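All heavy atoms count here, side chains included; hydrogens, waters and symmetry mates do not. Since we're looking at a predicted model, the values are computed, not measured.
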Amino acid sequence: MDIMDEKKMVALSVEVGPWTGCAVLFLRSCPAVNLLSLYKDQQGKFSVFKVLKLTLTDSAGGLEGYEILKLHDADPLLGVEVKFVDVAACRRFLQSYGSGAVQQFLSQHTCRLLHVPQELALETQLKAGTHTLDFCLDDLELCLQHIHQSQPERLRDDEIAELDQQLQSQALGHIPQPPTLTQEEPPVPSNCFLFQKRVFEDRMLAAGDLQRFSNGVGRDWRKVGRALGKNCRALKGPAIDNLAYEYEREGLYEQAYQLLSRFIQAEGRAARLGRLVRALEDSKLTSLAENILDIQPRE
């Protein structure tokens with residue numbers, strides 16, 4: 001069988017008949033917020049589950065087409081075993097994962113629900129059976145085939161079913177929100193972000209943001225690039241040094257412009273204002289963040 005025939009069989013297998021499959025998302029977070037340790041703790045278990053469920057909802061495009069079967073202790077990793085029952089939802093999830101949006105959603109919900117002061121640094125790996133899907137994300141049909149071939153070997157874990165029921169009850173207003181250390185502060189909507197105790201819309205980056213960043217960041221553009229690169233594949237490894245070398249003659253403005261342009265190009269709809277502002281905060285460039293957000297200086 002040649003490669004084209006194999007591709008046709010892959011496409012056919014994911015489009016015809018009832019479709020199910022299984023994948024495991026492995027997560028490793030920074031020591032300051034260890035998701036595995038929090039999940040093991042009875043006080044933090046529900047909050048971690050809620051973070052994961054909201055992340056799946058955002059990345060798969062809704063509440064249908066998947067379910068969490070079990071959370072695995074793969075110390076130091078937390079494994080999230082997900083059963084997909086709809087190929088369209090699975091495809092949307094894979095597209096979100098490949099663009100870095102899953103990591104971004106996870107970071108945002110963790111910061112909001114667990115009250116982390118800054119963007120969370122995460123390492124992720126996606127597996128289906130023995131296949132590591134991170135190596136073939138450019139071929140969505142092949143990823144879908146691997147997931148489809150990896151059928152779930154267990155029913156839903158009782159603990160997960162209880163947590164899901166608790167989350168549904170909370171959404172309907174039947175039980176109160178679990179107490180947190182900063183319960184007096186109103187929650188920030190998922191489409192917004194917090195900066196200097198003010199809420200801003202987390203919109204997509206625009207041409208004006210690109211201009212202000214390039215004009216104002218100066219020699220610190222590499223520092224911001226490394227901060228953005230924590231959750232952006234296109235800015236990892238030697239990418240930033242390569243940009244510096246390639247546009248050295250054009251000067252700092254062009255280097256900064258190309259950096260943010262590459263981030264926007266790579267991340268697509270996940271290239272949001274909140275990510276840039278958090279990277280500027282991490283780089284101690286709050287005045288530039290204020291300028292981009294059009295915050296007037298205090299007199």
Nearest 0.5 Å please: distance from the CD atom of Glu123 over to the CD atom of Gln103.
11.0 Å
Counting C-beta onward and ignoring hydrogens, is there a side-chain heavy-atom pair between Ile240 and Arg226 closer than 4.5 Å?
yes
Where Leu69 and Ile160 come nearest, the two heavy atoms and their spacing
O-CG1, 3.7 Å
Using the test salt bridge (charged side-chain N to carboxylate O under 4.0 Å, His left out), find all partners of Arg233 that sit at least two apart in sequence or belong to another chain.
Asp134
Atom CZ of Arg203 and atom SG of Cys192: how far apart are they, to the nearest 0.5 Å?
12.0 Å
Just do the side chain to side chain donor-acceptor pair (under 3.5 Å) check on Gln104 and Arg275 with the steps written out, would you?
CA-CA 8 Å; Gln104 180 62 21; Arg275 293 178 71 179; 3.0 Å; yes
In short, ring-ring contact (aromatic ring centres under 6.0 Å, His included) pairs touching residues 197-240 with sequence neighbours left out are Phe193-Phe200
For Leu25, does its backbone N or O pair with a side-chain atom of Gln125 as donor and acceptor, under 3.5 Å?
no
Walk me through whether Tyr66 and Phe93 qualify under ring-ring contact (aromatic ring centres under 6.0 Å, His included).
CA-CA 10 Å; Tyr66 62 89; Phe93 173 79; 8.4 Å; no
What is the minimum heavy-atom distance between Ala234 and Ala266, and which atoms define it?
CB-CB, 3.4 Å
Smallest heavy-atom separation, Gly229 atom then Leu235 atom, equals CA-CB, 3.8 Å
List the steps, then state whether salt bridge (charged side-chain N to carboxylate O under 4.0 Å, His left out) holds for Glu162 with Arg156.
CA-CA 10 Å; Glu162 291 174 7; Arg156 194 178 207 191; over 6 Å; no
To the nearest 0.5 Å, what is the distance between CG (Leu77) and CG (Asp75)?
8.0 Å
Validation row: Lys53, Asp164 side chains within 4.5 angstrom (heavy atoms)
yes
Heavy atoms from other residues, nucleotides or ligands near CG of Asn242 exceed 12 (cutoff 6.0 Å):
yes
Between His109 and Phe105, what is the ring plane arrangement, given parallel below 30°, perpendicular above 60°, and tilted in between?
tilted
For side chain to side chain donor-acceptor pair (under 3.5 Å), just list the numbers for Glu290 and Gln196, CA-CA rounded to whole Å, side-chain angles, deciding distance to a tenth of an Å, and then say yes or no.
CA-CA 9 Å; Glu290 290 172 347; Gln196 296 182 347; 2.8 Å; yes
Heavy-atom side-chain proximity of Ile68 to Phe49 below 4.5 angstrom
yes
Salt bridge present between Lys45 and Glu159 (N-O < 4.0 angstrom):
yes
Parallel, tilted or perpendicular: ring planes of His131 versus His146, cut at 30 and 60 degrees
parallel
Considering all heavy atoms of both residues, which atom of Cys22 and which atom of Ala128 are nearest to each other, and what is their separation?
O-CB, 3.8 Å
